[in-house]
Undergrad: 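So that we are looking at the same thing, I have put the structure below in structure tokens.
Atom set for the values below is all heavy atoms of this structure, side chains included, hydrogens, waters and symmetry mates excluded.
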Amino acid sequence: MATTDAISLSPKIKRHKQYTLVIPLDLHGDRVLLGYKLRGFGQGKYNGYGGKVEPNETVIAAAVRELHEESGLLVEEPAMIQRGVLLLETVADDTSPILEIHVFTVETWEGTETATDEMTPHWFSLSKSLTAPTKSTPVSGSIPPSFLSTSSAAEAGGVEESQPHPGGPHDLPVIPYFQMWEESRVWLPHLLRHVSSSEEGRGGVGGNLISPEPSPPAATAASDGDRNETENKGKKYFIHHVQFIGGTDMDAVDGGEYSVWHGMGPRRLDWVDELPIGEWEGRKSFKTYP
Ligand SMILES: Nc1nc2c([nH]c(=O)n2[C@H]2C[C@H](O)[C@@H](COP(=O)(O)OP(=O)(O)OP(=O)(O)O)O2)c(=O)[nH]1
């Protein structure tokens, strides 16, 4: 259920440009893998793994391909767990397409996360990253080299055998939300809470490593489009529609200052049973799964 109504869809038909974004989760180890982008668009930010969907490629095939190219992790298509869609729109520019970014998690894979010339892999604590960051949230300005995950995790067959951080998963840092794309601070904590609470119900997630679902601070909850989380229990997918009013301020990322929110305008986060088809503007919407 959406609770932010400030957003209204543009009456114009806009093209959608499709991307994928995959977040590997080691639930038993209470860990989330993100890549630090070394070059190109998004350089200097942490993000999941993904890229453009090529012509004549399905979204899931693209997700599998990009994850492998950028992280070395290999998954079969059925292991991709579809979680939701980001719709990122630059309202000031009628000609630029809406970015339609399909978000997946994976929980099993083959291979070991490796650094590529595009991304370096970093593990973060899942249970410590469930709360939306606020001004007072400590910022991980730089990630200590000890958290650089260059080897160690899974040899073919899984992550259980890995011992990448001798002090255990609780030594891992909080996700550095202020070094990510700004809208990630809204949807990613929601997604992690969603995964954690559903896994907890099944007795999973690191053998009770996940603490009870935290309430986001009031100021954040009131503005992130999803105040009423209990009403969304059981819904499978999220849709996060964001209208950027000034473009992304790439220069504001460093230091985690609040000014990094600059550019993000009205936004709305819905949890839904099914991803709708044709409800959003654009010719291609959500329907390129096999
Ligand atoms: N969370 C979030 N993710 C974004 C935003 N913009 C954006 O491109 N991404 C994601 C989508 C993709 O996963 C990734 C960008 O992919 P990319 O430009 O590297 O695509 P690619 O690998 O096909 O590109 P290339 O190497 O061929 O140049 O970043 C954003 O504003 N927020």
Undergrad: For Tyr36, I'd like to know if atom OH has over 12 heavy atoms of other residues, nucleotides or ligands within 6.0 Å.
TA: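 Atom OH in Tyr36 is not packed in, count stays at 12 or less.
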Undergrad: For side-chain contact (heavy atoms from CB on, under 4.5 Å), just list the numbers for Phe104 and Ile81, CA-CA rounded to whole Å, side-chain angles, deciding distance to a tenth of an Å, and then say yes or no.
TA: CA-CA 5 Å; Phe104 299 85; Ile81 306 170; 5.9 Å; no
Undergrad: Using atom types as modelled and distance alone, determine if a side-chain donor or acceptor of Thr20 lies under 3.5 Å from a backbone N or O of Gly50.
TA: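 No: the side chain of Thr20 does not pair with the backbone of Gly50.
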Undergrad: For residues Pro24 and Leu67, report the shortest heavy-atom separation together with the two atoms involved.
TA: CG-CD1, 4.1 Å
Undergrad: With a sphere of 6.0 Å drawn around CD of Glu54, does it hold more than 12 non-hydrogen atoms of other residues, nucleotides or ligands?
TA: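 Buried by this count: over 12 neighbours within 6.0 Å.
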Undergrad: Could you state whether Leu188 and Leu99 fall into the same hydrophobic cluster, counting links through intermediate Ile, Leu, Val, Met, Phe, Trp or Tyr residues with side-chain heavy atoms under 4.5 angstrom apart?
TA: yes
Undergrad: Measure across Glu113 and Pro121 and return the closest heavy-atom pair with its distance rounded to 0.1 Å.
TA: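 In terms of heavy atoms, the two residues are closest at CG-CB, 3.7 Å.
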Undergrad: Decide side-chain hydrogen bond (donor to acceptor under 3.5 Å, both in side chains) for His102 and Gln82; before the verdict, give the C-alpha distance in whole Å, the side-chain angles of both, and the deciding distance to 0.1 Å.
TA: CA-CA 8 Å; His102 293 250; Gln82 185 188 347; 5.4 Å; no
Undergrad: Work out which heavy atom in Ile23 is nearest to a heavy atom in Gly48; give both atom names and the distance.
TA: CG1-CA, 4.2 Å
Undergrad: Go through the steps to decide whether Arg83 and Glu107 satisfy the test salt bridge (Lys or Arg N to Asp or Glu O under 4.0 Å), and finish with yes or no.
TA: CA-CA 13 Å; Arg83 296 296 188 179; Glu107 298 171 10; 3.5 Å; yes
Undergrad: For Tyr19, which residues count as a ring-ring contact (aromatic ring centres under 6.0 Å, His included) partner, sequence neighbours excluded?
TA: none
Undergrad: Is the side chain of Thr114 donor-acceptor paired with the backbone N or O of Ser71 at a distance under 3.5 Å, no angle test?
TA: yes
Undergrad: Answer yes or no: are there more than 12 heavy-atom neighbours, outside Asp273 itself, under 6.0 Å from its atom CG?
TA: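 More than 12 heavy atoms, drawn from other residues, nucleotides or ligands, come within 6.0 Å of this atom.
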Undergrad: So which heavy atom on Glu100 is nearest to which on Gln18, and how close?
TA: OE2-NE2, 2.7 Å
Undergrad: Would you say Leu126 and Leu192 make side-chain contact, with heavy atoms under 4.5 Å?
TA: yes
Undergrad: Which residues pass the salt bridge (charged side-chain N to carboxylate O under 4.0 Å, His left out) test with Glu118, sequence neighbours left out?
TA: Lys37, Arg39
Undergrad: Could you walk me through whether His190 and Trp271 pass the ring-ring contact (aromatic ring centres under 6.0 Å, His included) check?
TA: CA-CA 10 Å; His190 275 288; Trp271 284 91; 7.1 Å; no
Undergrad: Passes side-chain contact (heavy atoms from CB on, under 4.5 Å), Val32 versus Ile175? Steps please.
TA: CA-CA 8 Å; Val32 181; Ile175 288 174; 4.2 Å; yes
Undergrad: Considering non-hydrogen atoms only, spot the tightest contact between Gly29 and Asp26 and give its length.
TA: N-OD1, 3.0 Å
Undergrad: Is a side-chain N or O of Tyr49 found less than 3.5 angstrom from the main chain of Glu69, in a donor-acceptor match?
TA: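 No; zero donor-acceptor contacts below 3.5 Å.
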Undergrad: Same cluster or not: Met180 versus Leu38, using hydrophobic residues (I, L, V, M, F, W, Y) connected whenever any side-chain heavy atoms lie under 4.5 Å apart?
TA: yes
Undergrad: Before you tell me yes or no, could you show the steps for Tyr237 and Val85 under side-chain contact (heavy atoms from CB on, under 4.5 Å), namely the whole-Å CA-CA distance, both residues' side-chain angles and the distance that decides it to 0.1 Å?
TA: CA-CA 8 Å; Tyr237 309 108; Val85 175; over 6 Å; no
Undergrad: Are Tyr46 and His122 close enough that their ring centers fall under 6.0 Å?
TA: yes
